Amino acid sequence: MDKFIFAEIPDKEVDIDYYKAVEEFMIHGPCGIERPKSPCMVNKRCSKHFLKKFVDVSTWDDDGYPIYKRRDNGKTVEKNGVQLDSRYVVPYNRYLLLKYKAHINVEWCNQYRSIKYLFKYVNKGNDMVTAEFYKSTTDERSNEVVDEINMYYYCRYVSAYFQYVVFEDDDCIENVLNRSTVNQSMFTAWFDSNKKYDFAKELPYIDMPTKFVWKKDIREWHPRQRGFAIGQIFYVPPGSGEIYYLRCLLNVVRGPTNFEDIKSYKGVIYPTFRDACYARGLLDDDKEYIDAINEASHWSTAQSMWKLYGVVLHERALAVDLLLPL
Ligand SMILES: [Zn+2]
């Protein structure tokens, strides 16, 4: 940490440029009792937690947050008539500070949470989770032990969910599987609403929330009494095969009561969703592929964009019976 990040005022005599850069860009304050009107002051305290403590060596606190070395070496800078010491230094990297001569706060973020955060988004593929929850554990003598850590899970699932089944750990698995709602997803309930309501048949799946509300408890679509909502279908990359073509069809097909209906067009039931897409002319002008590339361009990395382009070429070649090697 000390090699990259500093939180001290450098020696003026040794390197005046360096000293001046820290003085100009990396000093917080003045704030605190002397400057209660400073923008960082919230409820009479500095919201950025300055001033920090003097410490002789860098360490980490119990939560893994860094505590940077700030030695009490008598060095100060003057800001608006107040002498400030290293306790007011915003952590910086010397090289970046001198190269860009700008306020660049550099922090040590080697906590598992930040790693998880960074890599999740960079390498994000299709989401999938298998989760288990246990009520309690027992020790060697079969005494029940309440293990609060084991009982508490810090979980987050960032995605649209598709179909989930929730059950208690002592539920009989047969009863769970026989629950009528297990087979009923928001998507398959759409088929039922198309049987029940004529005006549901006018809507493609994506537009269901404009005229219907999803009743979570009974897992049914009911006509919307008031308001308006915008629907969203989760992203499916073009390389996913049939599921991608199904998603394309969901933007246009109206009123199906089963999967066969989605594959049908002008009285013909096509063997695959892809064939149905072609029959409907959805892919003739490459629009779906262009949309897929546009959509991914908002969040995808360059490398996965290349890959996506390759997949699109491959899919396109399959469509005209020209198979390119990937
Ligand atoms: Zn402050």
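Just so you know, these numbers come straight off a predicted model, no measurement behind them. First listed ligand is number 1; within each ligand, the first listed atom is number 1.
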*Classify the side-chain pair Thr272/Asp275 by whether it contains a donor and acceptor separated by less than 3.5 Å.*
yes

*Tell me yes or no: between the side chains of Gln83 and Tyr88, is some donor less than 3.5 Å from an acceptor?*
no

*Please note down the angle at the Zn ion (ligand 1) between NE2 of His28 and SG of Cys46, to the nearest 10°.*
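SG of Cys46 and NE2 of His28 make an angle of 110° at the Zn ion (ligand 1), to the nearest 10°.
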
*Could you please compute the angle at the Zn ion (ligand 1) from SG of Cys40 to SG of Cys31, rounded to 10°?*
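About 110° at the Zn ion (ligand 1).
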
*Least distance between heavy atoms, Pro256 atom then Asp261 atom*: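 Minimum heavy-atom contact is CB-CB, 3.5 Å.
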
*With a cut-off of 2.8 Å, does His49 place any N/O/S atom under that distance from the Zn ion (ligand 1)?*
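False for His49.
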
_Residue Lys12 excluded, over 12 heavy atoms near NZ under 6.0 Å_ = no

